[in-house]
Amino acid sequence: MQPKHFISLLDLSSKELHSIINRAIDLKNNRDPNFQPLKGQVLAMIFEKSSTRTRISFETGMTHFGGSALFLSSRDTQLGRGEPLEDSARVISSMVDCIMLRTFSHETVTTFAKYSSVPIINGLTDLLHPCQLLADMQTYFEHKGDIAGKTVTWVGDGNNMCHSYINAAHLLDFTLNIACPEGYKPIQDIVDAAGDRINIFHSLNQASENSDLIVTDVWASMGQEEEQKKREIAFKSFQVSSSTMNIANKGALFMHCLPAHRGEEVTAEVIDGSQSVVFDAAENRLHAQKALLEFLLCK
Ligand code: CP
Ligand code: NVA
């Protein structure tokens, strides 16, 4: 039987996503050190890109659950020397219980999934970042309740985070306004799959009206460092500031997956201000990852 994978939020039904979010809230509020459902199990974590939150949340989550995690930099394994993905997936999955990958190409993760005998988790690719959405949505539910029927505004690049927000809008039934410069829109097929919930704007102010949650991300993602200067020019009218938060609904939340650049995509006043829940969302990576691991490995 094919293992259950988590490569995109769309690998989950709406009901499964709700249950992972609720379970993450429960695991956070009722931590039981004796609950060790993954005793003796091993998670391999393959990183082509840097990480703080993803690595720590998965590693700590496995430890809390009685298992362990292996940090594998692609540079230090044979993957970095060109061993075929197909062979690597077969070999690694024959020794561990789950594999999490953070890669440049999305296809690396889908190829691994095809040849792996154990669940594969997408820890971020150039296309998607579904794990962050579990934590962001948990955070919204904790602060404000159900997100169905609400309006979320994505500000900036139509990148991996934006694509996963589009998928979340579909599964959790919220409206997503995307404020991005011309030339930095999300992939149209991903937008189309979410039906009529997605609105694209080229004005930050218009996109922020009636919004319950303002979200942004870096202007240049990992792997785009050489485009930084060009992007600073393209995105300069897409900085989230107090005036953005004032246009949004009263009590709107602010999120950013982190790491953030204060003074670029967001002002320090907003990210360090009272509407910001960025550090709650960062902590929730741990609880959400535990709920995900339990969903994939225990059911
Ligand atoms: N938000 C996020 O994925 O953080 P890391 O890059 O630190 O894992
Ligand atoms: N869009 C960012 C997210 C980092 C967590 C990147 O891919 O670098």
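For this chain, numbers begin at 1 and follow the sequence in order. Atoms within a ligand are numbered from 1 in the order they appear, just like the ligands themselves.
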Could you tell me which atoms of ligand 1, counted from 1 in the order shown, lie closer than 4.0 angstrom to a heavy atom of [X]?
X    : result
L258 : 1 (N), 2 (C), 4 (O)
C257 : 1 (N)
R285 : 1 (N), 2 (C), 3 (O)
T52  : 5 (P), 7 (O), 8 (O)

Are [X] and [Y] linked by a side-chain donor-acceptor pair shorter than 3.5 Å?
X    : Y    : answer
Y165 : D136 : yes
Q78  : R81  : yes
S241 : S243 : yes

Subset of ligand 2 atoms that lie under 4.0 Å from at least one heavy atom of N159: 1 (N)
Side-chain donor/acceptor of [X] to backbone N/O of [Y], under 3.5 Å:
X    : Y    : result
H5   : I120 : yes
R197 : A194 : yes
H202 : C180 : yes

Is E86 atom CD crowded by more than 12 heavy atoms from other residues, nucleotides or ligands, each under 6.0 Å away? yes
Quick test: of every protein heavy atom, which one is nearest to [atom], and how far off is it to 0.1 Å?
atom                   : value
atom 4 (C) of ligand 2 : L124 CD1, 3.9 Å
atom 4 (O) of ligand 1 : R53 NE, 2.8 Å
atom 6 (O) of ligand 1 : R102 NH1, 2.8 Å
atom 8 (O) of ligand 2 : M222 N, 2.8 Å

For ligand 1, the portion of Q132 having any non-hydrogen atom under 4.0 Å away: side chain
Once you restrict to heavy atoms under 4.0 Å, what part of L124 touches ligand 1? Side chain, backbone, both or neither. neither
Looking only at distances, can you tell me whether any N or O atom of [X], backbone or side chain, sits closer than 3.5 Å to an N or O atom of ligand 2?
X    : result
D217 : yes
R102 : no
N160 : yes

Atom CG of N160 and atom SG of C257: how far apart are they, to the nearest 0.5 Å? 7.5 Å
Honestly, for C257 the part within reach of ligand 2 (heavy atoms, under 4.0 Å) is side chain
Counting only heavy atoms, which portion of D126 has something under 4.0 Å from ligand 2: side chain, backbone, both, or neither? neither
Answer yes or no for R55 and F47: cation-pi contact, defined as NZ/CZ to six-membered ring centre under 6.0 Å and angle to ring axis within 45°. no
F35 and F65 aromatic ring geometry - parallel, tilted or perpendicular at 30°/60° bounds: perpendicular
Can a salt bridge be assigned to the pair E294 and K290 using a cut-off of 4.0 Å between side-chain N and carboxylate O? no
Within less than 4.0 angstrom of ligand 2, does L258 place any heavy atom? yes
